[in-house]
Structures are given as structure tokens and as C-alpha cells.
Participant: 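So that we are looking at the same thing, I have put the structure below in C-alpha cells.
Hydrogens, waters and symmetry mates are skipped; everything else that's a heavy atom, side chains included, is used.
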Amino acid sequence: MSFASTGSAARRTMAPLVVAAISLALVAGCSSNPGSANKGDGAGGGASGVLNVGMPQGATVKNNSNPLLPTSAAAVLGYRYMIYEPLAMVNLVKPTEPAKPWLASKFEWADNYRTLTLTARDGVTFSDGKPMTAEDIAYSFQLMKDNKALNTAALPIESVTASGKDVTVKFGTSQFVRQAVVLSTLVLPKHLWSAIADPATDTVENPVGTGPYTLKSFTPQTVTLTTRNGYWQDAPKIKELRYTTYSGNDAITSALTSGALEWTYAFIPDAKKLYTAKDPEHNKLWFPANLSADGLWINTTNKPFDNPALRRAMSLVINRQDIFNQASAGYFKPAVESITGLPTPIGDAFISPEYQGKKSEGDVASAKKLLTDAGFTYNGDTLQDPTGKPVTLTMTDPAGWGDYQTTLTIISDNLKQIGIKATPEKADQDAWFTAIANGNFQAAMHWSNGGATPYDMYQNIMDGAGLQPVGSPATNNYGRFDNKEATQALADYANAADESARKAALATLQRIFVEQMPMIPTSAGNYGAEYSTKNWTGWPDDSNPYAPIQPTQVNALDVVLHLKPAH
């Protein structure tokens with residue numbers, strides 16, 4: 001499986017986000033038995049009450065709980081993670097934190113992350129009463145190996161074997177940067193899934209997993225889950241989870257303020273006035289950054305924007321705080337201040353010493369000097385490229401993406417300070433996605449991938465391994481940035497045999513990013529949510545960031561298991 005991605009607005013169609021992993025803590029492998037102390041029986045374990053969850057996915061959803069389909073109701077509403085569970089729980093808002101063993105009671109990497117040994121946890125059953133075994137874990141990996149459509153992270157699985165309680169998975173290359181993806185694999189019941197004709201497309205109406213909830217009812221508007229007997233660890237305190245689909249962010253906002261909805265991920269343009277101010281004691285926002293960046297992607301094949309001096313000068317005058325306060329309503333996506341493009345403080349541990357504390361600050365005089373030193377000239381207030389042509393730029397994003405459109409307006413005003421006429425345009429969404437993939441654009445606000453290390457962000461922006469010519473669709477490097485040193489450094493990082501080599505490769509990537517500015521970062525991606533403490537407490541926040549809070553992330557299960565009645 002792969003993590004869902006997040007764009008600026010929750011209704012946005014997302015590119016794959018999050019992949020990869022690191023943290024030396026993950027390296028050693030861990031073991032624990034979090035459910036041994038107080039194993040609950042779910043339905044009879046004292047659970048009560050309802051938690052109302054919602055997402056702005058449209059007016060209706062189709063009855064499909066296939067957890068492997070990113071478009072299924074289970075995926076878009078997020079309830080798949082209440083039914084199906086991962087091998088380990090990775091906390092991507094604290095990327096250096098050890099992964100928490102889950103269905104694998106122990107895991108260990110060897111052979112420079114080419115071999116993973118997992119131990120199936122004892123005492124785990126599926127909701128139909130069958131025990132979960134190492135055979136089920138092995139089957140879940142074999143399914144990815146045999147079905148390219150299900151192997152969305154392109155894991156190079158060479159072999160999968162089960163022996164007793166252990167499963168050994170061998171990969172063709174080091175999986176150091178994909179540890180989180182591998183460990184987040186959902187375990188499926190082999191006795192049921194082996195009978196499914198096409199797991200990549202078939203509908204699943206009666207999902208069976210190891211999680212604490214089962215499907216109680218399904219309507220095109222609301223899916224209701226209820227606790228089950230025999231869950232392997234402490235039973236949840238919430239009896240029912242009701243997932244409702246809303247037509248859009250306005251409907252979400254109304255439901256939040258009325259109390260009909262208690263947990264969602266949606267962009268509310270004036271959330272502090274429209275939501276938190278309505279009930280400051282209970283209505284909360286928590287939007288922790290992740291290791292990804294939104295920013296102005298430049299088509300680096302277009303002159304004069306193939307000149308890194310021009311891209312660096314543009315970055316110097318873009319006002320990130322204005323973007324945060326006006327386009328992100330002061331809460332949704334934190335400003336990226338580090339010159340490396342890495343969000344802070346989550347990225348502090350990865351920033352090279354020479355770039356620690358160095359910020360992308362507005363500096364018109366420095367920007368103009370950078371340009372004139374590179375051969376640009378001024379005709380009055382108009383910037384001219386080295387051939388004497390005025391520098392103009394068209395910046396395009398879908399018409400309905402208000403946060404990005406506001407950002408483009410701010411950037412347009414900022415670039416006037418250095419003589420660039422930058423024009424925001426509103427595009428049809430489908431046409432825009434096609435244009436971005438094919439490189440048919442000058443500039444656009446777009447997000448980057450993210451993960452447990454900076455690799456995913458830099459790889460998404462700078463990797464030349466899959467570089468496509470303009471006119472051919474690309475899945476990465478939409479700006480067609482062509483730098484062989486960056487491509488090699490990415491490969492070096494992914495395959496490094498020790499931390500010293502990784503640091504050296506990451507330092508090279510940061511230097512290239514700072515000097516070449518292939519994409520101009522403005523804001524951090526987030527794993528946030530709006531939520532209410534009126535009925536349920538125990539949510540993660542800045543004081544206890546034990547998990548991403550976004551309800552469609554795999555960690556949503558960990559959040560639900562932490563919640564307790566407020567009264």
C-alpha cells in the first residue's frame with residue numbers, strides 16, 4: 001500500500017505522497033506486545049457512544065470497502081484502517097521515532113535493507129474468527145509481487161517465504177528509504193482474498209480484517225462501523241464510527257459548527273472565525289507539518305527560467321508569511337522558511353550544518369544584484385533577460401483551488417518588485433493535471449511527495465532517473481530538472497551502507513537545491529485535522545504528537561484507540 005497524499009484542499013485529487021522511511025530507530029527492529037495487559041472484547045469491553053467522521057468526497061460513495069483501491073469508499077473516507085491493520089505503525093510527524101510494532105510483533109532488516117524478517121503477532125484473529133498467521137503476512141506481500149497494480153510503491157520484491165511465525169521478504173535493492181511503506185503493508189486474510197478474481201479492481205462489500213471494527217451498515221452517504229469481539233489489544237472506547245461524505249468544504253464547515261461532525265480534514269478559508277471561535281473550548285485545529293513542500297514548480301526547460309540565478313532571485317522575494325496568513329488562513333500549511341526547502345522543525349535533524357537557520361527571506365536588493373550579475377538588465381522597472389527580452393511568466397492552477405490561486409496572486413505581486421510580469425491563470429482541473437504531467441506549463445503551484453526522510457521530497461523534484469521530455473507524461477520531476485549530480489546523490493542516499501554516506505549524499509542534494517532552486521518552496525504539507533474535544537478526548541496535538549491526526553491516514557486507528565469519553 002501507499003500512504004494517501006495531501007494537497008492544499010482536501011478535495012484535491014492527490015499525487016502519491018509519503019513514501020520512504022529512515023530513522024536509525026527503525027533500523028534496529030523492535031518488539032513489543034501493546035495489547036497483552038488488558039485485552040478487551042470489543043462489543044462487551046465497555047465501548048459506547050459514536051464518533052462522527054466526515055470527508056468532502058462528494059455527495060455519495062459507492063459500496064466498496066476494498067482497502068487496496070485508492071478510490072474505494074474505505075480509502076477516501078479513511079475507514080479501511082479501522083478494519084485492516086499494518087505490520088507496524090510509523091509516526092510521520094516524528095520521523096525519527098521508532099516504528100511501533102503492530103501485527104508484526106518484531107521486525108528486523110538485514111543485508112543493507114534488502115532482507116526483512118517479520119514475526120507474526122500471537123493471538124490475533126480476523127473478524128470472522130480465523131487466526132492471523134505468518135501465511136497471511138506472506139500472502140499480503142506476494143499479492144503485491146504478483147500484481148503490479150497493487151504494488152503502487154514499486155517495491156522490488158524478489159521472494160517471500162513463511163516459516164513458523166516468521167516471514168522473510170527479500171528485495172532487489174536497499175529499502176532504506178521505503179521502510180515506512182514496507183512496514184505499513186496491510187495484512188489481508190489469505191483464506192478469503194485468494195478467492196478474489198482481481199484484488200486490484202474487485203468490489204469488497206463485506207470486509208474482514210484484524211482491526212477492532214467491522215462494517216455495520218452502508219449507505220451512499222454514511223458508513224457505520226461497530227466494535228467487534230476478540231480484538232487482539234485493548235478494545236476501543238468508542239462503540240460506533242460513522243463516516244459521512246459531504247458535498248464540499250462549505251458543507252463540512254456547517255457540520256463542524258453544528259456538532260454533527262467531530263473529525264475531518266478539510267480546508268476552511270477562515271477556520272478560526274468560522275470554526276474554532278464558535279466553541280474555543282472544544283473546536284480544535286492541529287496541522288503538523290510533514291517532510292514535503294508545496295511550492296512554485298518551474299518548467300526548467302523554458303528560457304530564461306532555465307537559468308538558476310533567475311529562480312533563486314524569484315525565491316528571494318516571495319513572501320511566505322503572506323502566503324501562510326492569506327492563502328492558508330494562518331493554519332493550514334506552515335510556511336517553509338529553510339533555504340533547503342525542508343519544513344522545520346520537523347526537518348531540522350536532516351538539514352546540513354551550513355544551512356542550519358538560513359531562511360528564504362525577502363530581499364529585493366540581493367535579488368536584483370543576483371540577476372544583474374547573471375546578465376539580466378533593467379529597462380525602467382522591467383526585467384530583461386540576457387537577450388534583451390522582457391521576463392514574463394504565466395502561472396497556472398485549477399480555478400477551484402482557492403488557496404493556490406491566492407498564492408499565485410501574492411507571488412505575482414512579489415515578482416513585480418524585481419521587474420517580472422507574472423500572470424496567474426485559472427485552468428480546468430483535468431486539463432491542468434495533464435499539462436503538468438506533460439510539462440506543458442511555465443509555472444504552477446504544486447505539492448511534493450513526502451516521507452520519513454527528505455529523500456522523497458528531493459526525489460520528487462530533482463530525480464533525473466525517470467526524466468521525460470516535454471510532451472511525455474512524467475510521474476516525478478514535473479519541472480524537467482536535469483542534473484546528473486542530483487540524480488546520483490539520490491541513488492547514493494537510497495543505497496548507502498551507513499549513516500555517514502547518507503549524510504554526504506543529503507548534503508549534496510541540499511547544496512544543489514539551494515544553488516539551483518529547481519522548485520521554489522513556499523509551504524509545508526501537513527497531516528492535520530479539525531476535531532472536537534466535546535465528546536472525546538485523547539487527540540494528538542503539539543503537546544503529545546503521538547500520531548498524524550488526519551482521518552484518512554493509517555495512524556487514524558492509533559488515534560481512535562487513544563480516544564476516551566470526555567464525560
Participant: Which word best sums up how the rings of F126 and H191 line up, parallel for under 30°, tilted for 30 to 60°, or perpendicular for over 60°?
Facilitator: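 Ring orientation of F126 relative to H191: perpendicular.
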Participant: Do W539 and Y531 have ring centroids that are under 6.0 Å from one another?
Facilitator: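 Centroid distance Y531-W539: below 6.0 Å, so yes.
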Participant: Sequence neighbours left out, what pairs pass side-chain hydrogen bond (donor to acceptor under 3.5 Å, both in side chains) with at least one residue falling in residues 431-441?
Facilitator: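 Residue pairs with at least one partner in residues 431-441: there are none.
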Participant: What residues, two or more places apart in sequence or in another chain, satisfy salt bridge (Lys or Arg N to Asp or Glu O under 4.0 Å) together with K165?
Facilitator: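 For K165, the residues satisfying salt bridge (Lys or Arg N to Asp or Glu O under 4.0 Å) (neighbours in sequence not counted) are D122.
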Participant: With distance as the sole criterion, is a donor-acceptor pair present between the side chains of N460 and N476 under 3.5 Å?
Facilitator: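 Yes, a side-chain donor-acceptor pair sits under 3.5 Å.
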Participant: Go through the steps to decide whether Y458 and L342 satisfy the test side-chain contact (heavy atoms from CB on, under 4.5 Å), and finish with yes or no.
Facilitator: CA-CA 9 Å; Y458 288 137; L342 290 175; 3.6 Å; yes
Participant: Given side-chain contact (heavy atoms from CB on, under 4.5 Å), test T125 with T210 step by step and report yes or no.
Facilitator: CA-CA 6 Å; T125 62; T210 61; over 6 Å; no
Participant: Check the side chains of T119 and D166 for a donor-acceptor pair under 3.5 angstrom, ignoring hydrogens and angles.
Facilitator: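 Short answer, yes.
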Participant: Anything under 30° is parallel, anything over 60° is perpendicular, the rest tilted; go ahead and classify Y478 against W297.
Facilitator: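 Judged by the thresholds at 30° and 60°, the geometry between Y478 and W297 is tilted.
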Participant: Can a donor-acceptor pair be found between the side chains of T244 and T222 at a distance below 3.5 Å?
Facilitator: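 T222 and T244 do have a side-chain donor-acceptor pair below 3.5 Å.
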Participant: Under the salt bridge (Lys or Arg N to Asp or Glu O under 4.0 Å) rule, what pairs show up with a residue in residues 199-217, not counting sequence neighbours?
Facilitator: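 Matches after skipping sequence neighbours: K216-E240.
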Participant: What verdict does the side chain to side chain donor-acceptor pair (under 3.5 Å) test give for W401 and Q429, after you've listed the backbone C-alpha separation in whole Å, the side-chain angles of each residue and the deciding distance to 0.1 Å?
Facilitator: CA-CA 9 Å; W401 295 5; Q429 181 170 299; 3.0 Å; yes
Participant: Are the ring centres of Y84 and Y213 closer than 6.0 Å?
Facilitator: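 When the ring centroids of Y84 and Y213 are compared, they turn out to be at least 6.0 Å apart.
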Participant: Check T168, T161, L87 against F141 for a side chain to side chain contact (heavy atoms under 4.5 Å, CB included) and give me the one that passes.
Facilitator: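 The option that passes is L87.
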Participant: If I compare all heavy atoms of P545 with all of V93, which pair ends up nearest, and what's the gap?
Facilitator: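 It is O-CG2, 3.7 Å.
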Participant: Look at the rings of Y113 and W109 and say which category their plane angle falls in: under 30° parallel, 30 to 60° tilted, over 60° perpendicular.
Facilitator: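 Tilted, since the angle between the ring planes falls between 30° and 60°.
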Participant: Minimum heavy-atom separation for N526 to K333, with atom names?
Facilitator: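 Heavy-atom minimum between the residues: ND2-CG, 3.8 Å.
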Participant: Is the closest side-chain donor-acceptor distance between Y231 and E85 under 3.5 Å?
Facilitator: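 Side-chain D/A pair, Y231 to E85: present.
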Participant: Which atoms form the tightest heavy-atom contact between A47 and P236, and what is the distance?
Facilitator: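 Shortest heavy-atom contact: CB-O, 3.4 Å.
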Participant: With sequence neighbours left out, what residues match D558 under salt bridge (Lys or Arg N to Asp or Glu O under 4.0 Å)?
Facilitator: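 Partners of D558 by the salt bridge (Lys or Arg N to Asp or Glu O under 4.0 Å) criterion, ordered by chain and then number, come out as K100.
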Participant: If you look at every heavy atom in L291 and G347, which pair is closest and at what distance?
Facilitator: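 That closest heavy-atom pairing would be CD2-CA, 3.7 Å.
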Participant: Does the side chain of T173 pick up a donor-acceptor pair with the side chain of Q175 at under 3.5 Å?
Facilitator: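 Q175 and T173 do have a side-chain donor-acceptor pair below 3.5 Å.
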Participant: Of all heavy-atom pairs between M519 and A293, which one has the smallest distance, and what is that distance?
Facilitator: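 Looking at all heavy atoms of both residues, the shortest contact is CE-O, 3.5 Å.
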Participant: R121 and W232: side-chain contact (heavy atoms from CB on, under 4.5 Å), yes or no, with the steps?
Facilitator: CA-CA 9 Å; R121 184 178 295 280; W232 61 274; 3.3 Å; yes
Participant: Given T253 and D250, is the side chain to side chain donor-acceptor pair (under 3.5 Å) satisfied, shown in steps?
Facilitator: CA-CA 5 Å; T253 303; D250 289 345; 5.3 Å; no
Participant: For residues 187-197, pull every pair meeting salt bridge (Lys or Arg N to Asp or Glu O under 4.0 Å), keeping only residues two or more places apart or in separate chains.
Facilitator: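 Sorted pair list: E135-K190.
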Participant: Any side-chain hydrogen bond (donor to acceptor under 3.5 Å, both in side chains) involving residues 62-78? Give me the pairs, sequence neighbours left out, ordered by first then second residue.
Facilitator: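 Matches after skipping sequence neighbours: S65-Y79.
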